[in-house]
There are 2 protein chains.
Amino acid sequence: MASGRRREFDYELALNAAMYVFWQKGYSGTSMSDLIERMNINKPSIYRAFGNKEDLFIKATERYLEIKMKPHMALLFEEGATLKGRFKKHMMSIVDMQCSTPDAKGCYLVLCQSELISGGIPMQAELLLKSAEAIPTKCYADIFSNDPEAILLGLSQNAQSNSLCLYTMLKGTAAMARSGALRAELEYSVDSILAGIGLD
Amino acid sequence: MASGRRREFDYELALNAAMYVFWQKGYSGTSMSDLIERMNINKPSIYRAFGNKEDLFIKATERYLEIKMKPHMALLFEEGATLKGRFKKHMMSIVDMQCSTPDAKGCYLVLCQSELISGGIPMQAELLLKSAEAIPTKCYADIFSNDPEAILLGLSQNAQSNSLCLYTMLKGTAAMARSGALRAELEYSVDSILAGIGLD
DNA sequence: GCCCTATGTTACCACTTGGTATAGAAAATT
DNA sequence: AATTTTCTATACCAAGTGGTAACATAGGGC
């Protein structure tokens with residue numbers, strides 16, 4: 001079986017580049033020209049390797065979830081740290097990322113989720129974005145409900161609300177980071193919300 | 001001096017309609033076709049009455065600041081209410097608006113400010129959006145610095161940080177509202193952040 | 001060597017974008 | 001009523017959108 005000519009570009013690198021473009025410009029705001037330029041591949045090669053714009057967006061989004069969001073979640077389950085310490089580390093790890101990525105500040109998901117109500121996002125991409133939103137809130141709520149320290153602090157009483165509260169603050173830091181806020185400025189907000197829900 | 005034919009559409013109504021379109025779709029996401037449809041005027045009439053897309057956007061943004069943001073600010077200076085009461089009312093008034101406007105959930109400014117880093121926003125519009133951001137933070141910081149009750153509670157020590165903290169949370173509720181969160185769910189977050197900075 | 005498959009490149013497609021020229025219609029001043 | 005001024009409406013423009021057809025090119029299996 002003949003296997004044909006090998007592609008000249010690096011698939012993984014190209015997908016990363018696409019991820020950063022969507023992170024900076026959102027789905028509708030990103031044009032194929034943008035992608036061609038930043039991925040450094042010409043158009044038919046992109047279509048052959050990744051499918052159409054929606055397919056590429058879905059792959060880029062899944063990559064973001066995998067390499068950018070997942071690592072933060074692990075920090076919530078580190079052994080030998082207090083509940084507050086784990087949440088603080090988790091949240092500041094996210095804030096760090098929101099502030100540090102040049103030209104792609106804030107959160108990929110927050111940006112693209114805000115496009116949903118604008119219209120123009122294809123169905124499958126919409127479903128993925130909506131399902132991604134449920135992951136951290138569910139995770140936080142589970143911890144608040146079941147962690148012994150959380151139960152002791154009474155946080156299990158309002159597990160759902162406490163979860164939503166932290167998530168809301170992280171969306172806020174994402175928006176602030178996108179406008180140029182610094183990590184140091186946002187740390188105070190993280191500390192305040194943790195204190196605010198009674199996590200001391 | 002002949003004054004000519006009178007316009008058939010209502011200028012104020014049309015500008016309001018434009019405001020809601022930008023509120024829903026942002027600057028780049030809004031096309032002239034969108035505006036024509038929702039303002040119910042044909043294209044040359046829009047250009048004659050409002051100038052080009054950027055001019056119209058600036059007018060719509062100024063209108064948003066005037067009729068949508070300004071009323072919330074007044075609540076911070078109501079007589080005979082505690083500092084916490086005034087901030088609670090102010091913030092919930094904003095959250096109310098973020099949740100209730102159909103098809104234009106969230107905050108006009110948060111949405112459009114997030115487009116700045118994407119590029120494609122004209123200079124004058126960019127300046128307006130950036131200057132709008134400074135208004136509430138400056139206002140909060142002034143209150144935390146000078147209000148007797150704030151000084152008594154020690155909030156004047158971190159006036160700047162406390163200000164940024166509340167503003168960050170409001171950007172978070174805006175993002176949450178845009179994704180469909182309800183007023184009741186977000187009230188808990190507002191209460192928590194007020195408690196978190198020590199405003200009891 | 002040949003063939004087959006997959007690649008990169010150029011050119012093109014229909015459609016939408018922001019913006020305008022032009023012509024006809026309506027109202028106020030003379 | 002005539003004129004002037006501003007309005008609305010149809011049609012159009014160049015440039016950009018997402019997406020493809022066609023063709024030359026490169027590499028592995030036989």
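We name chains A, B, ... by the order of the sequence lines, and we start the count at 1 in each one.
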**Message:** Quick check: do Ser192(A) and Ile193(B) have side-chain heavy atoms less than 4.5 Å from each other?
**Reply:** yes
**Item:** Student check: side-chain heavy atoms of Ile143(B) and Phe77(B) closer than 4.5 Å
**Value:** yes
**Message:** Applying the side-chain contact (heavy atoms from CB on, under 4.5 Å) criterion to Ser189(A), which one of Ile197(B), Thr168(B), Leu166(B) satisfies it?
**Reply:** Thr168(B)
**Item:** Joint hydrophobic cluster, Val110(A) plus Leu164(A), side-chain heavy atoms closer than 4.5 Å
**Value:** no
**Request:** Check the distance between dT20(D)'s C1' and Ile46(A)'s CD1 and give it to me in whole angstrom.
**Result:** 14 Å
**Message:** Rounding to an integer number of Å, can you tell me how far Leu56(B) CG sits from dT17(C) C1'?
**Reply:** 16 Å
**Asked** For Leu35(A) and dG16(D), what is the distance between atoms CG and C1' respectively, to the nearest whole Å?
**Response** 15 Å
**Message:** Is any side-chain heavy atom of His90(A) closer than 4.5 Å to one of Tyr140(A)?
**Reply:** yes
**Request:** Starting at atom CD1 of Ile41(A), determine the distance to atom C1' of dG19(D), rounded to an integer number of angstrom.
**Result:** 16 Å
**Prompt:** If we ignore angles and hydrogens, is there a donor and acceptor under 3.5 Å between the side chains of Thr173(A) and Gln98(A)?
**Reply:** yes
**Message:** Expressed as a whole number of angstroms, how long is the span from Asp34(A):CG to dG16(D):P?
**Reply:** 12 Å
**Request:** Would you mind reading off the distance between Asn40(B) atom CG and dT8(D) atom P, rounded to a whole angstrom?
**Result:** 12 Å
**Asked** Rounded to the Å, how far apart are Phe22(A) CZ and dG18(D) C1'?
**Response** 12 Å
**Prompt:** How does protein contact run along nucleotides 18-26 of chain C, one letter per nucleotide 5' to 3', with B for base contact, S for sugar-phosphate only, - for none, heavy atoms under 4.0 Å?
**Reply:** BBBB--BBB
**Message:** At less than 4.0 Å, is any side-chain N or O atom of Ser45(B) found next to OP1 or OP2 of dC7(D)? Yes or no.
**Reply:** no
**Asked** Linking I/L/V/M/F/W/Y whenever their side-chain heavy atoms sit closer than 4.5 Å, directly or via other members, would Leu111(B) and Leu65(B) fall into one cluster?
**Response** no
**Message:** Applying a 3.5 angstrom cut-off to the pairing atoms, does DNA chain D sit in any stems of at least three consecutive Watson-Crick or G-U pairs? List them by first number.
**Reply:** C:3-23 with D:8-28, C:25-30 with D:1-6
**Message:** From CZ of Phe57(A) over to P of dG19(D), roughly how many Å is that when rounded to an integer?
**Reply:** 14 Å
**Request:** Check whether any side-chain heavy atom of Leu56(A) lies under 4.5 Å from a side-chain heavy atom of Leu15(A), and answer yes or no.
**Result:** yes
**Message:** Looking at Glu149(B), I'd like to know if its CD atom is crowded, meaning that more than 12 non-hydrogen atoms belonging to other residues, nucleotides or ligands lie closer than 6.0 Å.
**Reply:** yes
